[in-house]
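The next block holds one structure in the form of structure tokens; read it before the comments.
Sequence lines set the chain letters: A, B, ... in the order given, protein chains first and strands last, and positions in each chain run from 1. Every heavy atom of this structure was used, including side-chain atoms; hydrogens, water molecules and symmetry mates were not.
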Amino acid sequence: MKSYEFIEASLSDGIALIELNRPAQYNALNRTMVREIVDAVESFDRNEEVRVIVLTGKGRAFSAGADIDEMAGDDPVRLELLNQFADWDRLSFIKKPIIGAVKGYVFGGGFELALNCDLLIAASGTEFSFPEVNLGVMPGAGGTQRLTKIVGRTKALEWLWSGSRIHAETAIQHGLINRIVSPELLMEETMKMAKQIAVQAPLAIRLIKDSVNKAVDYSLYEGMQYERKNFYLLFASEDQKEGMTAFIEKRKPDFKGR
Amino acid sequence: MYETITYLINNGAAWITLNRPNTLNAFVSKMNQEITHAIKTASASDEVRAIVITGAGRGFCSGQDLSEVDEHMDHGEVLRKHYGPMIKQIYQCEKPIIAAVNGVAAGAGFSLALACDFRLMSDRASFLNAFVHIGLIPDSGNSYFLTRLVGEARALEISVLGEKIKAEQALSLGLATKVFPADHFEAEVQQFTERIASMPTKAVGLIKRTIKAAGNTSFQDYLEEEAQGQRIAGLTKDHREGVQAFIEKRKPVFVGK
């Protein structure tokens with residue numbers, strides 16, 4: 001496994017784990033760290049042994065946001081040339097399921113990173129927030145877009161304008177997160193969910209993600225056509241034969257990802 | 001380090017003593033902040049396995065210091081800024097909190113006692129939901145806790161009539177855990193605290209968590225909360241010690257982990 005400066009990456013039983021590793025800074029994201037996260041996610045996405053990717057933070061917080069010191073002196077030209085958000089864009093091309101296990105503070109860039117996950121499990125007491133407005137700026141890594149797609153413009157504007165903290169209970173009511181669990185069991189419960197997905201046919205999991213993502217951007221008509229093609233495509237897989245044969249033979253399927 | 005309270009750790013218990021005896025320990029915003037801070041500190045401290053809140057002098061707490069109230073005061077903001085955070089800190093605390101009600105607990109002082117897990121009362125102590133007498137409503141979590149303790153009908157009587165509730169009456173209403181004679185109140189509180197502080201602290205915290213869930217979630221969610229709580233408790237040293245002691249027919253020695 002490649003070693004990184006600001007994150008830790010490991011793999012066990014088909015489940016890849018990426019841990020943000022700047023606990024003393026509540027895992028504040030600097031540019032190198034974002035690149036490391038994206039590199040790790042991409043390499044797991046290409047690794048045939050990996051079926052699910054889990055993303056979490058070491059210490060008390062998932063991530064308290066971007067490293068402000070790093071950007072305080074930036075100007076528009078430098079930002080344009082730096083094109084840092086291109087790294088974030090790469091996260092949207094990941095084909096495998098990403099489960100975020102979040103806790104403590106999920107703020108700013110940390111919240112945007114969480115919104116890039118497919119499923120989110122939060123420890124009770126977790127707080128989400130976009131505090132950028134308090135610094136005279138706004139989210140730049142997809143926050144205004146992804147949040148709005150999930151909760152609608154009414155709540156998105158309220159939260160983005162006020163910078164207020166969104167408690168896990170509120171987040172779950174608005175469909176931002178999937179589950180709230182006891183803090184002590186965050187990783188255990190996350191891994192259980194990861195394992196449930198890891199035993200499914202990987203190609204089906206993959207094309208479901210692909211199709212659901214299209215529902216965000218496409219018209220219903222185009223989305224339906226797209227879904228149909230993916231459905232047909234799965235009938236070219238060995239796992240479809242295995243799945244249906246196992247069902248008829250009343251046994252558990254053994255999916256190979258082919 | 002504190003001005004309006006004292007904070008002391010003794011035998012695994014944190015003692016928070018409201019210390020404005022000349023006013024029967026009336027609340028000023030500084031006292032809200034200091035209690036909040038003390039509860040936070042005790043919650044995070046590994047050596048603390050029980051928290052006691054009591055009052056110096058004759059009273060437990062007489063509620064808001066009315067000399068701080070003027071016509072420009074925004075009562076809602078005072079609650080949001082000072083009382084709310086204090087009560088929330090108590091509510092979120094997963095260590096057992098004992099209110100040692102040594103004397104009168106009136107207004108927000110009554111609310112403070114209600115927010116605790118146990119209310120030990122001196123037979124000379126009393127509760128008074130005094131808010132209505134100055135044209136206000138019970139605050140600082142008062143109606144939330146009171147309703148859960150005695151039901152809506154009783155809560156309404158206590159809050160609207162605003163009558164003094166003596167210790168014995170508090171006991172029969174279920175508002176007091178125990179009542180002790182004033183003469184040996186301190187010794188009894190000490191003994192009760194030591195008992196609580198020697199319990200399996202993590203399990204006690206999880207019991208608090210589960211009981212809160214029981215009042216605030218659906219049955220389905222409650223069952224899940226219970227399963228997670230038992231999973232966590234099942235991993236503690238104290239659980240192993242409890243089982244081992246049972247097998248060996250001896251008293252368990254819990255360490256709170």
Quiz prompt | Which atoms of Gln92(B) approach chain A - backbone, side chain, both or neither, heavy atom under 4.5 Å | solution = neither
Self-check item: Spatial distance of atom CZ (Arg231(B)) from atom CD (Glu184(A)) [nearest 0.5 Å]
Solution: 11.5 Å
Practice problem: First locate atom CD1 of Ile180(A), then atom CD of Glu224(B), and finally report the distance between them rounded to the nearest 0.5 Å. | Solution: 12.0 Å
Does a sphere of radius 6.0 Å around [atom1] in [X] hold more than 12 heavy atoms from other residues, nucleotides or ligands, not counting ones at 6.0 Å or beyond?
X	atom1	result
Ile137(B)	CD1	no
Asp13(A)	CG	no
Arg154(B)	CZ	no
Arg179(A)	CZ	yes

Self-check item: Verdict with reasoning, Arg209(B) to Ser182(A), per side chain to side chain contact (heavy atoms under 4.5 Å, CB included)
Solution: CA-CA 10 Å; Arg209(B) 198 188 288 184; Ser182(A) 304; 3.3 Å; yes
